Amino acid sequence: MAWDRNQMAARAAKELRDGYYVNLGIGIPTLVANNIPEGMEVTLQSENGMLGIGPFPYDDEVDPDLINAGKQTISELASSSYFGSEQSFAMIRGGHIDLTVLGAMEVSQDGDIANWMIPGKMVKGMGGAMDLVAGVKKIIVVMEHNSKSGDPKFIPECLLPLTGKNVVDMIVTDLAVFQRPDHQSPFRLIELAPGVSAEEVAQKTTARYES
Amino acid sequence: MAWDRNQMAARAAKELRDGYYVNLGIGIPTLVANNIPEGMEVTLQSENGMLGIGPFPYDDEVDPDLINAGKQTISELASSSYFGSEQSFAMIRGGHIDLTVLGAMEVSQDGDIANWMIPGKMVKGMGGAMDLVAGVKKIIVVMEHNSKSGDPKFIPECLLPLTGKNVVDMIVTDLAVFQRPDHQSPFRLIELAPGVSAEEVAQKTTARYES
Amino acid sequence: MKKTFPDAAAALEGLLFDGMTICAGGFGLCGIPERLIDAIRDSGVKGLTVVSNNAGIDNEGLGKLLRTRQIAKMISSYVGENKEFERQYLAGELQVEFCPQGTLAERCRAGGAGIPGFYTKTGVGTQVAEGKEEKVFDGETYILERGIRADLSIIKGWKADEAGNLVFRKTARNFNQPMATAGKVCVAEVEEIVPIGSLDPDGIHLPSIYVKRMIVGAPYEKKIEFRTVRTREAA
Amino acid sequence: MKKTFPDAAAALEGLLFDGMTICAGGFGLCGIPERLIDAIRDSGVKGLTVVSNNAGIDNEGLGKLLRTRQIAKMISSYVGENKEFERQYLAGELQVEFCPQGTLAERCRAGGAGIPGFYTKTGVGTQVAEGKEEKVFDGETYILERGIRADLSIIKGWKADEAGNLVFRKTARNFNQPMATAGKVCVAEVEEIVPIGSLDPDGIHLPSIYVKRMIVGAPYEKKIEFRTVRTREAA
């Protein structure tokens, strides 16, 4: 039985470590915040200029001056800090963020990622995605194993315009987890969703990986 | 009668304008602060991270955490602000400072300046001098017209290692004032100290200048 | 030297001209210089190049200047949530230069800091790298990005003192800080101007040297793009 | 994840090795990490490259590490007021790389911000430009300067909260901010550690992400290099 969205987020959350500073993308990655292990201190960064993202505010606490990178209203924590966008990306580009979890449309077997231009739709821009994949220490992609039309998304080479070249460290799909120890090594299948076989994964994947 | 140190500073101070942000070097340039015209608002920058330098503190107000770039204790004003060295020099390099007044050992007829390596002495470093001459909008040099041994200091070409190339806009000496409208034009003698003749200046200067 | 002006039109007087480049602060609709945008719209200046992380939404923020066709080119990282933008862009009436968000912030900071170019790993191997110089440092490839300088910066702050020292509030700081430094002149709108001495000198976010003119833009009816809340559990 | 350590030696444990590069905050004797310098001296680690605007004075600040010959190379903008430095330098025992002050601050900020190189006008046409790549932007010549990354940053702050958010006091901020970002690990000493929630989130100078370990170094007997005062006029 394949993992659902929350289970995928929970699997990605297993990569968190105490004291980590983390940036979470929009969509499934946001759910990682709900899966931080009890007692573990993880600080979430918002690239519009905040460290220490709190939960959504109560209705009477909503503050238009307090939003996340998805432009949603949020709250602050006692340990939060605010800074400008230049400082926020100095942190990201400078390798100070330990981990980012991002969605993707395609990931190649060499760790390229494409997640900013949707084919046939108007280009809205890359936002902070290119900065994140270029700067953060560890890049985890969380995505469905196959597109709605059934096409593999972990593929030999990305067909869509890239967000980053040779940057992805780990891929969590609804079927399996792939990882590589460094950017020179191939990905290896390290885990299967319950009831999913290695053969099924092989069948639904066109990327080359070790198993 | 040649200008004394304070008169030279007073002459440089005539270049101040209301609302200017100014950086003053060590020595005679510091005296410019005492010559800011009444009613004119001039904000002094200290390159170690402060805008709005106040006067020296009273004895019982001395604060080791509050010093100027010359490492002297100073005081703050109600309008002061503090920032890091990277921000301080972003201001300087970015052309946000309107005017700087600096001492020099030599200035060439092309506006080169040498003021960081004293011949025969140990090199102590350039501090912020190279940043100031490269970044500030208007550079005024205040120096004696001749060295103690009588050698001209406004000369065809600097003999000492340069602090900046083609950067000086105005030179105030104890004998005269030279100015140029832009960095492509030659300097022009625009003012003489009382009792000093153009001939005396010509005799004591080896640099080419218009008169 | 009084920096405070009675209103946005007065604060912008003499600073606007057709074809100019403007750096604008804000992230989405958070911390945007609304009053100054209105005044720029009313001035009728056109052919603008606007450097801003986003392009507003329909009829909010920079969306107002898009609607009146005063903007010829946007330099932005993300321009979603804006139908009029989409229409003009697809019709080829509006030029757009996409720039990664962090690169955009750094380009403006660099421009304001006298740095005409810097190297970054962001965008290497992507469309963003096309036509840009590459350079290898310690075995890694980087691309050269240019500093941005503008004719004018427009920003939104929280409080300013009469000297022009400025503080921001929470995530409304965002791009206002780097944008403020990139313009030949920076005009700020704030919610309140307080007497000199009211702000902590150690707590100034934008020192007075950057703010040449300012207005009080209050009262503000701050817009929210995505209102997300949680509910209190019953007691 | 507790960031607070009982003392400087404990905070530096496992971080020191011969031949390493250390970025140190401070300007003159203002805002220098005294306790951490003492602990580095006591550790006996040697062959250090130290990046710091100044080199302390005789037996104060980094002067202590010069005295014990633990420093092999300094990258600084100004090294006056230090006889032992002068002696080692003239004897060829100490390597010195002079770097303009603003370039030094920017090189450390750049290193910490993932920027391996940037262009600046500072030093063009001087000894500083020798051996450096030149590039013309819009008709002006600039030189390429490299970002600096260090194995360790040591800084001095005023207050920190238990999460590692840090604030500085007056001109003691200086190089502590850029230096903190340039090290693989940054260890801070502060005058006071306050509970989380005691510091204004809008007023943090150095966000907690940069501070990995910290100690309270108080009480401090802050040294003054040049005590300059004015006298009160008689009433």
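This structure is a prediction, so every number in the text was calculated from the model and none was measured. Just so it is clear: chains get the letters A, B, ... in the order the sequence lines come, proteins before strands, and each one is counted from 1.
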Take a 6.0 Å sphere around [atom1] of [X] and say whether it holds more than 12 heavy atoms from other residues, nucleotides or ligands.
| X | atom1 | answer |
| --- | --- | --- |
| A/K14 | NZ | no |
| A/E157 | CD | no |
| A/L77 | CG | yes |
| A/K165 | NZ | no |
| A/K138 | NZ | yes |
| A/E41 | CD | no |

Under 3.5 Å, which donor-acceptor pairs do the side chains of residues 37-44 of chain D form with other protein atoms, sequence neighbours left out?
| from | atom 1 | to | atom 2 | distance (Å) |
| --- | --- | --- | --- | --- |
| D/D38 | OD1 | D/K64 | NZ | 2.7 |
| D/S43 | OG | D/I40 | O | 2.7 |
| D/S43 | OG | D/V45 | N | 3.2 |

Answer with side chain, backbone, both or neither: which region of [X] has an atom nearer than 4.5 Å to a non-hydrogen atom of chain D?
| X | result |
| --- | --- |
| A/I92 | neither |
| A/T43 | neither |
| A/Q45 | neither |

Please rank A/S80, A/G19, A/G94 by heavy-atom pairs under 4.5 Å with chain D and give me the top one.
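Highest number of pairs under 4.5 Å: A/G94.
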Taking A/G135, A/S79, A/A134 one by one, which has the highest count of heavy-atom pairs under 4.5 Å against chain D?
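Highest number of pairs under 4.5 Å: A/S79.
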When rounded to the nearest 0.5 angstrom, what distance separates OG in A/S81 from CG in D/L166?
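Here the interatomic distance stands at 11.0 Å.
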Taking all atoms of both residues into account, what is the closest heavy-atom pair of [X] and [Y], and its distance?
| X | Y | value |
| --- | --- | --- |
| D/I209 | A/H96 | CD1-O, 3.3 Å |
| A/F83 | D/P207 | CD2-CG, 3.7 Å |
| A/A90 | D/Y210 | C-OH, 4.2 Å |

Does any heavy atom of chain A fall under 4.5 Å from the side chain of D/K212, the backbone, both, or neither of them?
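D/K212 touches chain A through side-chain heavy atoms alone.
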Which pairs, with at least one residue in residues 178-190 of chain D and sequence neighbours excluded, count as a salt bridge (Lys or Arg N to Asp or Glu O under 4.0 Å)?
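Listed once each, the pairs are D/D151-D/K184.
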Pairwise salt bridge (Lys or Arg N to Asp or Glu O under 4.0 Å) hits with a residue in residues 193-209 of chain D, at least two apart:
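Every candidate salt bridge (Lys or Arg N to Asp or Glu O under 4.0 Å) pair involving residues 193-209 of chain D fails, so no pair, neighbours aside, qualifies.
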Enumerate by number any residue of residues 46-73 of chain A whose heavy atoms lie under 4.5 Å from heavy atoms of chain D; in the absence of such residues, state 'none'.
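The list, in residue order, reads A/L51.
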